[in-house]
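If you're wondering where the values come from, they're calculated on a predicted model, not measured in any experiment. Just follow the structure's listing: the first ligand is 1, and inside any ligand the first atom is 1.
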Amino acid sequence: MKKDTGQNRSITTKWRPATRAVRGGTWRSEQGETSEALFLTSGYCYDDAATPAARFAGEAPGMTYSRTQNPSVQMLEERIALMEGADACRVQASGMAAMTTALLCQLSAGDHMVIAQAAFGPTRWVTDNLLPRFGIEATPVDGRDLDQWKAAIRPNTKVFFFETPANPTMDIVDVAAVCGLAREHGIRSVVDNAFATSAMQRPMDFGADVVAYSATKLMDGQGRVLAGAVCGDADFINNVLLPFQRNTGPTLSPFNAWVVLKGLETLELRAHRQSDNALEVGRFLEGRVPRILHPGLPSHPQYDLVQRQMIRPGSIFSFEIGGGRAEAHAILDALELVDISNNIGDAKSLMTHPATTTHSSLAPEVRAVMGVNDGMLRISVGLEDPQDVIEDLDQALRKAGL
Ligand SMILES: *Cc1c(COP(=O)(O)O)cnc(C)c1O
């Protein structure tokens with residue numbers, strides 16, 4: 001397979017992020033295709049018996065089996081690594097496969113980790129229910145409070161894990177402060193950057209060791225496939241994560257890799273427009289509902305931090321309507337344009353009631369500590385004309401008597 005300049009790191013790392021998103025990791029076959037090829041193959045054939053022997057021994061480059069390598073998948077991995085400014089990246093079958101792989105590959109019985117409590121529901125299930133079964137303890141802290149991170153450190157603490165902005169409370173974690181603290185103590189920091197993506201926030205610029213993604217969201221961007229990714233330095237990815245991934249098999253399908261690869265070419269365009277749209281919708285709602293949690297509005301308690309560490313405040317925000325579950329459901333039921341959906345990062349605007357969907361598996365006490373109440377709604381603003389989204393929300397609020 002012929003590789004163009006998209007393969008040559010010495011050239012590609014000179015490119016700016018938007019260029020890397022379009023060009024990075026492009027390989028070309030002998031056909032010279034413009035668009036990246038889709039390799040739907042599980043295995044590979046060899047010209048002679050010595051070739052696979054050399055590849056299995058790690059003495060020669062080349063593919064052996066698609067649980068381990070596939071050209072379409074590897075193109076995606078190279079593109080994401082370049083966009084992130086990371087040495088290396090490996091992709092997984094979903095965002096949760098990425099989070100689980102990123103944690104289990106480096107933790108052993110007797111280890112301890114600290115997690116910002118306002119994390120994605122299934123991530124909390126992994127840290128609260130799965131890890132303890134293997135003798136790994138996780139301490140949840142308020143990610144906004146550096147003193148809580150400090151106080152939670154033990155001699156056996158191996159990992160700090162957080163999301164920022166967090167779902168659905170829009171809590172912001174100070175990436176430089178928390179990752180700096182981790183580094184001082186020899187702790188590896190892992191940041192779930194799914195809400196922002198590298199188009200709107202670059203955690204490694206602020207000292208993050210590992211950045212993990214649900215690529216299902218803005219990276220695909222059109223609600224088609226599930227995918228995940230983990231980025232880090234070469235030692236972590238190749239020597240810690242890769243042996244775990246190759247042998248346990250949370251592999252991304254080549255088709256899904258190809259869809260995300262093509263989605264990345266428009267990531268910055270979509271993410272920035274969706275963020276701008278979300279700001280317009282947020283400005284409208286600010287005067288219309290009792291409380292709004294929007295990282296792009298000065299009313300957000302951590303607005304200054306958002307300005308420091310984010311390129312754009314993002315396309316997702318939450319708001320409280322003053323009522324409870326009945327009122328929140330009434331608003332969703334009255335929507336005419338915006339869809340009721342717990343997905344995010346789609347070109348279509350989507351709205352959900354976190355307490356009865358994404359965060360329903362958590363105990364009510366855990367939801368209360370996280371700040372997820374029954375009157376909270378979350379919206380992911382898409383690429384429609386924001387005025388239409390505003391008009392739809394306005395009529396839905398009216399119909400619900402608000
Ligand atoms: C969606 C999401 C995940 C999980 O990703 P899947 O692709 O659905 O498995 C993890 N973290 C965050 C912040 C998410 O939004």
Side-chain angles (χ1 to χ4, degrees), residues 76 80 89-104 115-128 130 138 140 143 159 161-173 175 189-201 203 208 210-231 245 249-253 255-257 259-260 263-264 267 271 274-275 278 293 295 310 313-318 341-346 350-354 357-362 370-372 378-382:
L76 175 63
I80 294 174
C89 166
R90 290 289 158 176
V91 293
Q92 294 80 21
S94 69
M96 280 321 301
M99 303 309 154
T100 308
T101 300
L103 292 173
L104 281 181
I115 180 169
Q117 66 200 9
F120 192 65
T123 305
R124 282 298 300 269
W125 185 88
V126 169
T127 59
D128 295 0
L130 181 67
V159 172
F161 185 102
F162 63 87
E163 251 172 70
T164 183
N167 176 25
T169 55
M170 300 297 133
D171 288 356
I172 308 293
V173 176
V175 182
S189 55
V190 182
V191 180
D192 177 344
N193 199 35
F195 262 45
T197 75
S198 64
M200 300 197 278
Q201 176 170 271
V210 176
V211 178
Y213 283 105
S214 166
T216 313
K217 313 296 169 55
L218 272 170
M219 290 163 86
D220 168 20
Q222 292 168 73
R224 299 164 294 191
V225 299
L226 277 90
V230 181
C231 302
Q245 171 153 345
T251 314
L252 182 63
S253 87
F255 179 77
N256 290 5
V259 170
V260 176
L264 291 179
L267 174 66
Q274 285 178 237
S275 177
L293 304 157
M310 294 188 80
S315 57
I316 301 149
F317 67 91
S318 299
S341 173
N342 44 280
N343 198 7
I344 54 166
D346 197 291
L350 308 174
M351 214 156 110
T352 197
H353 181 235
T357 60
T358 51
H359 290 67
S360 61
S361 65
L362 300 177
M370 284 172 67
V372 181
R378 185 196 72 194
I379 184 167
S380 167
V381 179

Would you check if Thr101 and Gln92 make a side-chain contact, meaning some heavy-atom pair closer than 4.5 Å? yes

Identify the two heavy atoms, one from Met170 and one from Ile316, that lie closest to each other, and give their separation to 0.1 Å. SD-O, 3.5 Å

For a quick test of reading the model, state the closest non-hydrogen atom pair linking Ala119 to His359 and the distance between them. O-NE2, 3.9 Å

Any protein N or O within less than 3.5 Å of an N or O in ligand 1? List each pair with its distance, or say none.
residue, atom, partner, partner atom, Å
ligand 1, 5 (O), Ser214, OG, 3.0
ligand 1, 7 (O), Gly95, N, 2.8
ligand 1, 7 (O), Ser214, OG, 2.9
ligand 1, 7 (O), Thr216, OG1, 2.5
ligand 1, 9 (O), Gly95, N, 3.0
ligand 1, 9 (O), Met96, N, 2.8
ligand 1, 11 (N), Asp192, OD2, 2.6
ligand 1, 15 (O), Lys217, NZ, 2.8

Are the side chains of Thr127 and Phe161 in contact, using a 4.5 Å heavy-atom criterion? no

Looking just at side-chain N and O atoms, do Asn193 and Gln201 make a donor-acceptor pair shorter than 3.5 Å? yes

Side chains of Ser380 and Ser315, donor plus acceptor under 3.5 Å: no

